[in-house]
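Input: a single structure, listed below in structure tokens.
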Amino acid sequence: MKKRFNDRYISGNLPWNINRPDFNLVNTIREFDIQPCKALDLGCGTGDNVFGAVKNGFIVTGIDISDKAIKIAKEKADKNNLKAEFFVRDLFKEEIPGAPYEFIFDRGCFHTFDKKKQRKDYARIVASLLKKDGLWLTLAGNVDDGRLETGPPKRSALDIATAVEPWFEIILLKQGRFDSNDEIPSKIWIGLMRKR
């Protein structure tokens, strides 16, 4: 996976890289009145969601498996004088600095795992990084999109619900669309969970 994503960042083939915070993150923070807190962006890419949260008072750490993505994120932070920490990490193999967090966000990280066990392990690890009652927001490709050969990996509502039990209470699971520069953005699941 590390090579796959590094190759994408080197080639510049980054349809998910929209150079702004995803409006789904912004809207969820507003709608659920999530107050500025210590937060983690899993699969942060070049850091745009991190920077959006920092500008709104959050203390944010971003991690990504791609060292190329993290290098770009650090350069953006320095250029724009934004305070955030970025680390190259494999969530399944390495310690994540700064835990526990109060809010974790991932835009397209959960859906990269094809196997049920991987998704369940991912949810368990996310829960281990959160304080009790901490929140996790995931934006995941939605199988109802219909375009199964293009766009992000697609998951069902059952895939999400199965993975997050027994660690999370599902507060919200609704359909939406990725914030995207595409003419027809991919359909997604917007999932907000509270650690049990």
Review point. Going through the distances and angles, do N56 and R30 end up as a side chain to side chain donor-acceptor pair (under 3.5 Å)?
Key: CA-CA 11 Å; N56 284 288; R30 186 179 303 122; over 6 Å; no

Check your understanding: Which side-chain hydrogen bond (donor to acceptor under 3.5 Å, both in side chains) pairs, counting each pair once, include a residue from residues 186-196, with sequence neighbours left out?
Key -> N142-W189, E165-R196

Revision key, fill the gap. Taken to the nearest 0.5 Å, the spacing of D106 CG from L137 CG works out to 7.5 Å

Exercise for review: Answer yes or no: is there a donor N or O on one side and an acceptor on the other, between the side chain of T112 and the main chain of C109, under 3.5 Å?
Suggested key: yes

Exercise for review: Keeping the roles fixed (side chain from H111, backbone from K154), state whether a donor-acceptor pair exists under 3.5 Å.
Suggested key: no

Study note, to complete from the structure: Separation between CG (L42) and CG (N49), nearest 0.5 Å, reads 11.5 Å

Practice item. Run the salt-bridge test on K71 and E75 with the 4.0 Å N-O cut-off and return the result as yes or no. Key: yes

Practice item. Working to the nearest 0.5 Å, report the span between CZ of F86 and SG of C44. Key: 5.5 Å

Check your understanding: Between R119 (side chain) and V164 (backbone), is there a donor-acceptor pair under 3.5 Å?
Key -> no

Point to revise | Among V126, V60, T61, the one residue meeting side chain to side chain contact (heavy atoms under 4.5 Å, CB included) with L40 | key: T61

Point to revise | Side chain N24, main chain R177, donor-acceptor under 3.5 Å | key: yes

Check your understanding: So which pairs with a foot in residues 34-57 pass salt bridge (charged side-chain N to carboxylate O under 4.0 Å, His left out), sequence neighbours left out?
Key -> D48-K76

Point to revise | Salt bridge present between D78 and K74 (N-O < 4.0 angstrom) | key: no

Review point. Are the side chain of N80 and the backbone of L82 linked by a donor-acceptor contact shorter than 3.5 Å?
Key: no

Check your understanding: Ignoring hydrogens and geometry, is there a side-chain-to-backbone donor-acceptor pair from R155 to F113 under 3.5 Å?
Key -> yes

Review point. Taking only residues two or more places apart in sequence, or in another chain, which ones meet P97 in a side chain to side chain contact (heavy atoms under 4.5 Å, CB included)?
Key: F87, R89

Review point. Hey, what's the ring geometry for W136 with F110, parallel, tilted or perpendicular (30° and 60° as the breaks)?
Key: perpendicular

